[in-house]
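Structure record follows, encoded as C-alpha cells.
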Amino acid sequence: MRKTTRKSGAKAARTHQTAGIDVLAELAALKAMTVPELQEKWQAIFGERAPNASRGNLELRLGYRIQELAHGGLRRETRRTLDALAAEVMSGKLGGMVADPRKPAPGTKLVREWGGEEHMVTVLADGFEWQGRRFKSLSAAVRAITGAHWNGWRFFGLDQTGGAR
C-alpha cells in the first residue's frame, strides 16, 4: 500500500534541491561514495536516516530517487495500478489485476470441433475443465484433446483480450 504523506516545508525544500541536477554525474558519483557518504546522501535527499547500511540497497534507491526527482515519478494511473496489484497480492485472492486478461469469465464454455468431434472446455475460476478433468491452463486442456502441444488461446480462436477473433 502506498502511504500518502504531505511533505513538510523543510523536507520539500530538500527535495527540490536535487531537481535540475546532472543525473548521470550523480549516478556515477554514487558508485564512488563510501557507505557513510551514501547514508549522508540519503539523509540529504530523503530527509531521514538511511534504513540500513547495505551498499547495494542505498545505491539502488538513491539512484532511483535522483532520477525520479529529475525526470518525474510514476504517473498517477501507474501508482494506482501498482497499489491495486499490491493490495490484490497482499489479500492472497488473485483475480482481476493479476489474472490473465485473456481468460474469459468463469463458466464460459469454449467449443471447438477437433477430429470430427465437438469438444467443450469450461472456464473455471482457477483453471479449466474438460470431460470432468481439471487443468491449470487452457493449453493443457487442449493437449489432452489433441494429444499435441497447442497454444490453447489460439486453438479456441481467442485474441489477447479473451474475445473471439
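Note that the coordinates shown come from a computational prediction; the quantities given were computed from them, not determined experimentally.
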(message) side chain to side chain contact (heavy atoms under 4.5 Å, CB included), that's the test. Do R49 and Q43 meet it? Break it down for me.
(response) CA-CA 5 Å; R49 288 182 47 152; Q43 178 77 33; 3.8 Å; yes

(request) Go through the steps for T34 and E37 under the test side chain to side chain contact (heavy atoms under 4.5 Å, CB included), then give the verdict. (result) CA-CA 5 Å; T34 63; E37 290 171 334; 3.2 Å; yes

(request) Apply side chain to side chain contact (heavy atoms under 4.5 Å, CB included) to R76 and R80, showing your working. (result) CA-CA 6 Å; R76 182 180 300 175; R80 283 189 193 145; 3.0 Å; yes

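L60 and L38 are members of different hydrophobic clusters when ILVMFWY side chains are connected at heavy-atom separations under 4.5 Å. Hydrophobic clustering (side-chain heavy atoms under 4.5 Å, transitive across Ile, Leu, Val, Met, Phe, Trp, Tyr) groups W114 together with W130.
Between A50 and L58, the shortest heavy-atom contact is CB-CD2, 3.7 Å. Taking both residues in full, the closest heavy atoms of V123 and P104 are given as CG1-O, 3.3 Å, listed atom of the first, atom of the second, then distance.
In this structure, the side chains of R134 and D126 come closer than 4.5 Å at one or more pairs of heavy atoms. Inter-residue side-chain proximity for E113 and H119 is flagged as unmet; no heavy-atom pair is nearer than 4.5 Å.
M120 forms part of a hydrophobic cluster together with V111, judged by ILVMFWY side-chain heavy-atom separations under 4.5 Å.
If you take CD1 on I45 and CG on L62, they are separated by 5.0 Å, rounding to the nearest 0.5 Å.
Listed by chain and number, the residues in a side-chain contact (heavy atoms from CB on, under 4.5 Å) with T122 are K109, L124, E129 (sequence neighbours excluded). Checked against salt bridge (charged side-chain N to carboxylate O under 4.0 Å, His left out), R55 has the following partners two or more places apart in sequence or in another chain: E59. Looking at residues two or more places apart in sequence or on another chain, you find no side chain to side chain donor-acceptor pair (under 3.5 Å) involving R112. For R75, the side-chain contact (heavy atoms from CB on, under 4.5 Å) partners are E77, T78, not counting sequence neighbours. Qualifying salt bridge (charged side-chain N to carboxylate O under 4.0 Å, His left out) partners for E40, counting only residues two or more places apart in sequence or in other chains: none.
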Could you list the donor-acceptor pairs under 3.5 angstrom formed between side-chain atoms of residues 135-150 and any protein atom two or more places apart in sequence or on another chain?
| residue | atom | partner | partner atom | Å |
| --- | --- | --- | --- | --- |
| S137 | OG | A140 | N | 3.0 |
| S139 | OG | W150 | O | 3.3 |
| S139 | OG | G152 | N | 2.9 |
| R143 | NH2 | H149 | ND1 | 3.4 |
| T146 | OG1 | V142 | O | 3.0 |
| T146 | OG1 | A148 | N | 3.1 |
| T146 | OG1 | A148 | O | 3.0 |

Would you be so kind as to tabulate the donor-acceptor pairs closer than 3.5 Å made by side chains of residues 66-73, with sequence neighbours excluded?
| residue | atom | partner | partner atom | Å |
| --- | --- | --- | --- | --- |
| Q67 | NE2 | G63 | O | 3.1 |
| E68 | OE1 | R65 | NH1 | 2.6 |

